[in-house]
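Notes follow once the structure below has been shown.
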Amino acid sequence: MRSRLRSAVFPLHRHSVAQLLVDGVLAALAYFLAFRLRFDQAAGPPPRYERLFEQTVPWVVVLTLVIFLLLRTEQRQWRYATQGDYLGVLQAVALLTVALAGLVALLHPVSYQSAGGEINVLVPTGVLALFFLLMLLFVGGVRFVARTVRERPIRGFRADKNARRVLIIGAGDGGRLTLREILRNPTLALNPVGFVDDDPLKAGLRIDGVKVLGGTEQLGRILDEAEPDEILIAIPSAPGTLRGRVVRAGRDRGIPVRTLPTVFELLQAGSGHVVRQVREVQVEDILGREPVRMELDRVGSYLSKEIVLVTGAGGSIGAELCRQIARIAPRRLVILDHAEDNLFAIQRELEEDRHVHPSSLTAVLADCKDAGRMREVFEQYRPTFVFHAAAYKHVGLMESNPVEAIRNNAVATRLVAELAGEVEVHNFVLVSTDKAVAPATVMGASKALAEYAVEEMGSRFPKTNYASVRFGNVLGSSGSVVPIFRRQIARGGPVTVTDERMTRYFMTIPEAVQLIIRSGSLGSGGEIFVLEMGEPVSIIGLARDMIELSGLEADRDIAIEVIGRRPGEKLHEELFNPHERPQPTPAEKIVHASRKARQGGEIAGWFAEIDVLVATGDAAALAAKVAAFTDADRSQDAAAAALEQQSSDSKA
């Protein structure tokens with residue numbers, strides 16, 4: 001805190017002192033030349049203006065130092081000056097010119113007697129205009145020269161004879177940044193042989209001396225002619241289809257392919273030393289769906305200055321929610337989990353890696369099933385927004401432990417949602433799953449009940465805006481098939497697939513969380529929002545891609561075994577029940593699953609029966625009761641389908 005106060009009062013780094021002094025000297029020089037150019041006479045300015053210059057030149061230097069200091073013009077080293085820094089110089093010089101004119105007019109440093117009395121000498125308008133222009137020239141110019149000197153090695157670049165020849169995919173900002181870092185750092189031992197870019201306007205252009213050789217449709221020919229040692233994908237927002245095409249072309253010729261981090265990774269790790277962040281292409285990069293791009297600061301601005309509670313904060317979705325919400329700077333972020341190690345890990349990450357101040361972060365060890373403890377949490381911290389991500393999600397384990405699955409995923413969700421309504425939380429968001437659609441497993445049924453619990457609370461507590469967010473599989477989560485395949489490949493196989501026809505929806509964790517945060521501002525009365533997941537992915541195709549990305553060949557180096565479907569496992573997941581109708585929302589990639597609302601009393605009756613069975617631990621009776629409730633859903637689906645068929649027949 002002490003260092004922050006010092007930074008606020010005296011916002012100057014050690015490297016900036018010399019820069020500030022140089023700017024002061026340049027201000028004095030610009031002021032001197034402004035008078036000499038305005039009064040272009042051999043004898044110099046008239047005596048009264050000569051005196052004015054002598055009296056006010058110290059003012060100019062002091063004003064320059066103060067204004068440049070307050071506007072933080074010297075915060076960045078000149079050799080790293082950007083367009084924003086030049087705009088800052090423009091603002092500082094404009095303010096300096098106005099301040100100088102105003103100060104002289106107020107303090108009257110020079111005056112003379114005339115027939116009409118005493119007359120105060122002001123700075124001539126011509127001098128002020130020349131001073132403004134000369135200051136822009138000198139102060140902006142010195143920064144431009146410093147940056148030019150820093151980048152001078154680009155023009156004299158000579159690749160080491162042992163440097164690896166690299167072909168850069170993408171001649172946009174990412175590609176140019178990559179090229180500049182390669183050219184400035186010979187120790188990377190890389191020799192850029194060309195760009196590949198699909199923009200026809202860039203074909204044949206040279207960027208810092210490196211030619212754009214063509215588009216990706218010509219990649220095969222370019223690889224054969226350029227003969228690079230490796231390919232570097234320098235498009236952080238590249239869709240999976242493009243990455244996959246490049247990977248296949250490189251693999252066919254035995255050329256390794258690496259990629260820049262994605263936009264999400266760059267945001268989390270910073271964009272400095274981009275080339276050193278290059279990594280191998282992963283399966284997440286080539287799934288073929290267009291990445292979701294959102295301005296988190298804009299779509300999540302409603303969380304700024306709020307008290308936000310995230311349950312299940314140690315899980316894959318919960319932890320990413322904490323990371324992204326922390327970027328929005330809420331007044332307090334309360335992270336809650338019942339797993340001590342996971343909670344400690346995300347707390348340390350937020351404080352040490354994300355620089356979240358401990359005063360705005362609270363870690364709470366609690367179990368969402370414990371009504372007394374959760375009531376304490378809500379009454380103590382009074383959150384205004386709640387993201388409920390706590391859930392059991394391993395399908396097989398939930399089949400073996402149905403009572404605990406319902407207790408944790410359904411009953412606990414209803415408890416947390418009810419407490420949120422009692423303390424008048426502004427928004428409550430449940431993180432749901434596509435397995436809640438026509439559920440065929442205990443885990444799916446428990447999440448379907450959780451969605452109904454949120455719907456019930458939406459009718460009971462109108463002052464709280466409730467919503468559920470439903471989406472498919474997320475890559476990299478602990479329950480995802482991807483880490484399972486990775487472990488199997490690392491062991492040498494076989495990779496096990498339950499059915500050759502099986503498909504699933506996939507989305508990266510950061511994308512899913514951005515859409516969850518966006519959905520948090522849409523709910524009002526227990527609605528269900530569904531994230532657009534793109535096209536479903538073949539699981540056996542995913543397995544083959546992962547094997548090939550590991551440098552192996554499917555069915556030769558690593559076997560793929562089809563072991564048969566597990567009980568309740570579907571061939572294809574759906575995002576909507578038949579009785580739900582997709583409706584557009586104001587948010588891109590988010591759809592409202594509109595359905596007829598059930599009576600709150602009916603849902604409360606369901607949970608009253610479930611609570612008794614959970615308390616007694618009667619798994620068989622509980623399974624039968626939950627099945628009866630989901631059958632009620634199916635009956636509603638059948639009725640909706642019959643009504644739709646009847647409507648179609650009447651139209652025919």
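Predicted model, so just to flag it, every value in this text is computed and none were measured.
- For residues 408-417, the pairs satisfying salt bridge (charged side-chain N to carboxylate O under 4.0 Å, His left out) are Arg414-Glu456, with sequence neighbours left out.
- In terms of the ring-ring contact (aromatic ring centres under 6.0 Å, His included) criterion, residue partners of His592 (sequence neighbours excluded) are, by chain and number, Phe529.
- Applying the ring pair (Phe, Tyr, Trp, His ring centres under 6.0 Å) rule to pairs touching residues 220-255 yields nothing, sequence neighbours excluded.
- Checking each of Lys570, Glu535, His572 against Thr503 for a side-chain hydrogen bond (donor to acceptor under 3.5 Å, both in side chains) leaves exactly one that passes, namely His572.
- Contacts of Glu500 classified as side chain to side chain contact (heavy atoms under 4.5 Å, CB included), with partners at least two apart in sequence or in another chain: Ile540, Val562.
- Partners of Glu225 by salt bridge (charged side-chain N to carboxylate O under 4.0 Å, His left out), not counting sequence neighbours, listed by chain and number: Arg221.
- Scored by the salt bridge (charged side-chain N to carboxylate O under 4.0 Å, His left out) test, Asp341 finds no partners at all (sequence neighbours excluded).
- The existence of a salt bridge linking Asp224 and Arg253 is confirmed by a sub-4.0 Å separation between a basic side-chain nitrogen and an acidic carboxylate oxygen.
- Of the charged side-chain nitrogens involved, none lies within less than 4.0 Å of a carboxylate oxygen, so that Arg518 and Glu588 do not count as a salt-bridged pair.
- Applying the ring-ring contact (aromatic ring centres under 6.0 Å, His included) rule to Phe428 yields the partners Tyr466; only residues at least two apart in sequence or on another chain are considered.
- The distance from atom CZ of Phe485 to atom OG1 of Thr496, rounded to the nearest 0.5 Å, is 6.5 Å.
- Applying the side chain to side chain contact (heavy atoms under 4.5 Å, CB included) rule to Asp197 yields the partners Ala171, Asp199, Lys202, Val212; only residues at least two apart in sequence or on another chain are considered.
- In this view, Arg491 satisfies the salt bridge (charged side-chain N to carboxylate O under 4.0 Å, His left out) rule with no residue, not counting sequence neighbours.
- Judged by distance alone, the side chains of Ser468 and Glu451 never bring a donor and an acceptor atom under 3.5 Å apart.
- Every pair tested for ring pair (Phe, Tyr, Trp, His ring centres under 6.0 Å) that includes a residue from residues 213-246 fails, sequence neighbours excluded, so the list is empty.
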For residues 440-447, tabulate all N or O donor-acceptor pairs below 3.5 Å that involve a side-chain atom, not counting sequence neighbours.
| unit_1 | atom_1 | unit_2 | atom_2 | d |
| --- | --- | --- | --- | --- |
| Thr441 | OG1 | Gly444 | N | 3.1 |
| Ser446 | OG | Asn409 | ND2 | 3.1 |
| Ser446 | OG | Val442 | O | 3.4 |
| Ser446 | OG | Met443 | O | 2.6 |
| Lys447 | NZ | Val431 | O | 2.9 |

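- The salt bridge (charged side-chain N to carboxylate O under 4.0 Å, His left out) search around Arg251 returns Glu548, not counting sequence neighbours.
- Dense packing is recorded around CG of Asp557, with more than 12 heavy atoms of other residues, nucleotides or ligands lying under 6.0 Å away.
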